[in-house]
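Each remark here refers to the structure printed beneath this line.
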Number of protein chains: 2
Amino acid sequence: MFSKSCKYAIRAVLYLAIHSDAEHKLGVKDVAEALDVPGPFLAKLLQQLSRHHLISSTKGPNGGFYLSETNARANLRGVVESIDGPEVFSSCILGLPVCSSQNPCPLHSRAQLYRQGLLELVEDQTIKEVAERVERQELKI
Amino acid sequence: MFSKSCKYAIRAVLYLAIHSDAEHKLGVKDVAEALDVPGPFLAKLLQQLSRHHLISSTKGPNGGFYLSETNARANLRGVVESIDGPEVFSSCILGLPVCSSQNPCPLHSRAQLYRQGLLELVEDQTIKEVAERVERQELKI
DNA sequence: CTATAAAAAGATAAAAAACTCTTTTAATCT
DNA sequence: AGATTAAAAGAGTTTTTTATCTTTTTATAG
């Protein structure tokens with residue numbers, strides 16, 4: 001469903017939500033090791049998220065990545081769209097160039113249901129909320 | 001969501017459901033041109049589906065691919081599983097190696113909803129039914 | 001039984017995604 | 001100001017997915 005990159009990105013954002021803030025920034029290495037994902041690759045993803053203002057970062061000593069309060073109040077949709085592109089939520093499930101309610105593919109109407117589920121998945125709770133749930137229930141990222 | 005291969009496969013199966021039967025077999029080229037997908041690549045996919053008995057084929061003059069009555073009474077789940085693997089319907093949405101109701105990832109419970117939608121999409125109608133709808137409503141494949 | 005048509009199989013090539021390494025830039029601390 | 005730290009940026013490399021080409025097998029028709 002989501003690309004590998006996107007999965008890494010979501011997990012990294014949740015990790016930052018739990019373990020970082022403006023006073024406690026984390027280096028790429030910290031996050032990469034904690035999540036067991038390739039460091040230099042994750043760096044690229046975090047840079048991309050940072051450029052899109054979905055996470056925050058500063059350079060230099062004591063620099064690193066972190067989630068600002070504002071970042072944490074957003075939901076995961078932006079993260080997904082930033083990495084996999086906005087079309088993951090709208091593109092035709094059969095890959096047809098044109099597919100809409102007007103001109104639907106054979107699976108269009110049913111695909112809407114699953115699409116809705118997907119949107120709710122990333123939209124109906126903030127990153128902070130997900131992160132708090134992870135802490136409360138001691139979930140693994 | 002589905003790989004490109006899988007999208008081609010679904011469309012090809014629907015095309016066969018509409019335009020072929022045991023007496024009217026189609027060559028790879030016919031299908032590839034009708035769907036505007038790369039011929040040799042589609043050939044591989046059709047061979048794979050044939051090996052898994054999801055579509056039928058015969059060699060030689062007047063040979064080709066077609067859907068038997070039995071093939072057409074199945075649903076699309078087998079097609080998807082044959083190409084993209086069965087795990088598309090069960091693997092963790094965050095890519096975690098272990099993720100279950102016992103040991104859920106942060107998005108697990110909500111992901112179930114979308115997963116359910118996906119399964120219904122491919123399971124709750126037969127290929128024949130989808131194909132008939134395509135004909136009735138003149139849908140594009 | 002021979003020629004032919006079409007799928008099956010195998011081997012190869014191109015494109016995209018995933019991953020790595022090196023250099024540059026910008027903060028901070030002494 | 002100079003040294004240092006860590007992100008940003010750029011330039012590769014590897015792996016996987018997508019696509020192509022060639023040869024082999026098998027069924028049919030003449």
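Within every chain, numbering begins at 1; the chains are lettered A, B, ... in the order of the sequence lines, protein sequences first and strands thereafter. These numbers were taken from a predicted model, which means no experiment stands behind them.
- Here the C1' atom of nucleotide D/dC21 and the CG atom of B/Leu42 are 16 Å apart, to the nearest Å.
- Residue pairs satisfying the salt bridge (charged side-chain N to carboxylate O under 4.0 Å, His left out) criterion with at least one member in residues 38-49 of chain B, sequence neighbours excluded, are absent.
- The shortest distance between side-chain heavy atoms of A/Leu16 and A/Val13 does not fall below 4.5 Å.
- Here C/dT12 presents its P atom at 19 Å from CZ of B/Phe41, a figure rounded to the nearest Å.
- The side chain of B/Lys44 lies closest to C/dA9 when the candidates are D/dT18, C/dC21, C/dA9.
- Contacts of residues 57-71 of chain B with DNA chain C (heavy atom under 4.0 Å): B/Ser57, B/Thr58, B/Lys59, B/Gly60, B/Pro61, B/Gly63, B/Gly64, B/Phe65.
- When only modelled atom types and interatomic distance are considered, A/Gln112 and A/Arg115 share a side-chain donor-acceptor pair under 3.5 Å.
- With sequence neighbours left out, the side-chain hydrogen bond (donor to acceptor under 3.5 Å, both in side chains) criterion links A/Ser82 to no other residue.
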Please set out all donor-acceptor pairs under 3.5 angstrom arising from side-chain atoms of residues 26-41 of chain B, sequence neighbours excluded.
| from | atom 1 | to | atom 2 | distance (Å) |
| --- | --- | --- | --- | --- |
| B/Asp30 | OD2 | B/Gly27 | N | 2.8 |

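- Between B/Ile127 and B/Leu76 there is a side-chain heavy-atom pair separated by less than 4.5 Å.
- Checking C/dT20, C/dA18, D/dA19 against every side-chain atom of A/Ser3, the shortest atom distance belongs to C/dA18.
- Evaluation of the salt bridge (charged side-chain N to carboxylate O under 4.0 Å, His left out) test over residues 76-105 of chain A, restricted to residues two or more places apart or in two chains, returns A/Arg77-A/Glu81, A/Arg77-A/Glu123.
- Screening residues 92-114 of chain B for ring pair (Phe, Tyr, Trp, His ring centres under 6.0 Å) gives A/Tyr114-B/Tyr114 as the qualifying pairs, with residues at least two apart or on separate chains.
- Under the rule for a ring-ring contact (aromatic ring centres under 6.0 Å, His included), B/Tyr66 has no partner lying at least two apart in sequence or in another chain.
- For residues 124-135 of chain B, the set of pairs meeting the salt bridge (charged side-chain N to carboxylate O under 4.0 Å, His left out) definition, not counting sequence neighbours, comprises A/Arg110-B/Asp124, B/Glu69-B/Lys128.
- Non-hydrogen atoms lying under 4.0 Å from DNA chain D are contributed by A/Gln47, A/Ser50, A/Arg51, all within residues 47-54 of chain A.
- Of the residues in residues 12-38 of chain A, those lying under 4.0 Å from DNA chain D by heavy-atom distance are A/Leu26, A/Gly27, A/Val28.
- Protein atom NZ of A/Lys7 is 16 Å distant from nucleotide atom C1' of C/dC19, rounded to whole Å.
- A straight line from CZ of B/Phe2 to P of D/dT18 spans 14 Å, rounded to a whole angstrom.
- Phosphate contact (OP1/OP2 of D/dT18, side-chain N/O of B/Tyr8, threshold under 4.0 Å): absent.
- Side-chain polar atoms of B/Asn71 and B/Ser68 form a donor-acceptor pair below 3.5 angstrom.
- Contacts between residues 88-97 of chain B and DNA chain D, counted as heavy-atom distances below 4.0 Å, involve no residue at all.
- There is a path of hydrophobic side-chain contacts, each under 4.5 Å, that joins B/Val134 to B/Tyr8.
- Rounded to whole Å, atom P of D/dA9 lies 13 Å from atom CG of A/Leu46.
- Under the side-chain hydrogen bond (donor to acceptor under 3.5 Å, both in side chains) criterion, B/Thr58 pairs with B/Lys25, sequence neighbours left out.
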